[in-house]
A.B. asks: 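One structure, pasted below without further comment.
Computed from a predicted structure; not experimentally measured.
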Amino acid sequence: RYGELVTALWSGDSKWLAPLKIRWTIGKFKPEFNSFQQQDSQELLAFVLDGLHEDLNRITKKPYIPLADSDGRPDEEVAAEHWEAHLRREESIVVQLFQGQLRSRLRCLDCGYVNVRFEPFTFLTLPLPT
């Protein structure tokens with residue numbers, strides 16, 4: 001249904017478009033979006049992007065890929081290694097356009113060992129000041 005919607009949007013045949021078919025399709029898989037109640041737009045976007053990614057993912061067999069500790073290596077090297085491992089399991093236009101990496105640093109309070117990881121994300125939730 002997404003393809004039909006995009007085709008209708010770009011065809012220029014009509015001045016308006018009511019995406020009812022895609023709304024009904026989304027409602028079949030996620031019933032909370034089936035009503036006329038107000039819904040969380042981020043949750044809808046996450047659901048749609050996840051569905052598109054799963055359908056468009058070129059990787060069918062997802063290997064287990066162990067990640068080595070950072071061991072003081074430069075962030076650029078560790079980030080590239082982690083991103084390459086991610087792409088060996090997840091490869092779609094959604095990954096290319098909407099995903100990034102978040103750096104996290106873990107330090108042992110007893111021995112002081114530091115490990116840096118780069119985790120993929122699609123949505124980065126930030127607090128808004130009140």
A.B. asks: For H86 and E119, what are the C-alpha separation, side-chain angles and deciding distance, and is it a side chain to side chain contact (heavy atoms under 4.5 Å, CB included)?
C.D. replies: CA-CA 9 Å; H86 178 64; E119 301 291 335; over 6 Å; no
A.B. asks: Linking I/L/V/M/F/W/Y whenever any side-chain heavy atoms sit under 4.5 Å apart, do L52 and L44 land together?
C.D. replies: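 Linked, L52 and L44 end up in one cluster.
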A.B. asks: One pair to check against side chain to side chain contact (heavy atoms under 4.5 Å, CB included): F98 and F123. What are the steps and the verdict?
C.D. replies: CA-CA 8 Å; F98 296 103; F123 294 95; over 6 Å; no
A.B. asks: Say whether, by atom type as modelled, one donor and one acceptor occur between the side chain of D40 and the main chain of Q42 under 3.5 angstrom.
C.D. replies: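 Confirmed, D40 side chain pairs with Q42 backbone.
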A.B. asks: Could you tell me whether the side chain of Q101 and the main chain of A79 form a donor-acceptor pair under 3.5 Å?
C.D. replies: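 Judged by distance alone, yes, a pair lies under 3.5 Å.
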A.B. asks: Measure the CD-CG distance between E32 and N34 for me, rounded to the nearest 0.5 Å.
C.D. replies: 9.5 Å
A.B. asks: If you apply the rule side chain to side chain contact (heavy atoms under 4.5 Å, CB included), what do you find for E81 with F118, and how did you get there?
C.D. replies: CA-CA 9 Å; E81 178 183 297; F118 290 85; over 6 Å; no
A.B. asks: Compare every heavy atom of K62 with every heavy atom of R89, then report the nearest pair and how far apart it is.
C.D. replies: NH1-O, 3.2 Å
A.B. asks: How long is the straight-line distance from OG1 of T122 back to CG of L97, given to the nearest 0.5 Å?
C.D. replies: 11.5 Å
A.B. asks: If you take all heavy atoms of R117 and H82, which pair is closest and at what distance?
C.D. replies: CA-CE1, 3.8 Å
A.B. asks: Does R73 have more than 12 heavy atoms from other residues, nucleotides or ligands lying within 6.0 Å of its CZ?
C.D. replies: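 Enclosed: over 12 neighbouring heavy atoms sit under 6.0 Å from CZ of R73.
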A.B. asks: Of all heavy-atom pairs between E91 and I59, which one has the smallest distance, and what is that distance?
C.D. replies: OE1-CD1, 3.8 Å
A.B. asks: At what distance, to the nearest 0.5 angstrom, does CG of L126 lie from CG of L124?
C.D. replies: 4.5 Å
A.B. asks: For W83 and V95: C-alpha separation, side-chain torsions, deciding distance, then whether side chain to side chain contact (heavy atoms under 4.5 Å, CB included) applies.
C.D. replies: CA-CA 11 Å; W83 189 248; V95 172; 4.0 Å; yes
A.B. asks: Does atom CZ of R105 have more than 12 heavy-atom neighbours, drawn from other residues, nucleotides or ligands, at distances under 6.0 Å?
C.D. replies: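 Not more than 12 within 6.0 Å, no.
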A.B. asks: Side chains of E90 and N57: donor-acceptor distance under 3.5 Å anywhere?
C.D. replies: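 Result is yes, a qualifying pair exists.
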A.B. asks: How close do V78 and V116 get, counting heavy atoms only, and between which atoms?
C.D. replies: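 In terms of heavy atoms, the two residues are closest at CG1-O, 3.9 Å.
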A.B. asks: Find the distance between CG (L87) and CD (Q99) and round it off to the nearest 0.5 Å.
C.D. replies: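 It comes to 8.5 Å.
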A.B. asks: State whether the side chain of R107 and the backbone N or O of V114 hold a donor-acceptor pair below 3.5 Å, judged by distance alone.
C.D. replies: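 It does not hold such a pair.
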A.B. asks: Tell me whether F47 is reachable from I93 by hopping between hydrophobic residues (I, L, V, M, F, W, Y) whose side-chain heavy atoms are closer than 4.5 Å.
C.D. replies: yes
A.B. asks: If only side-chain N and O atoms count, and only distance matters, is there a donor-acceptor pair under 3.5 Å linking S70 with N115?
C.D. replies: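 Judged by distance alone, the side chains do pair up.
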A.B. asks: Out of curiosity, L67 CG to E84 CD, how far, rounded to the nearest 0.5 Å?
C.D. replies: 11.5 Å
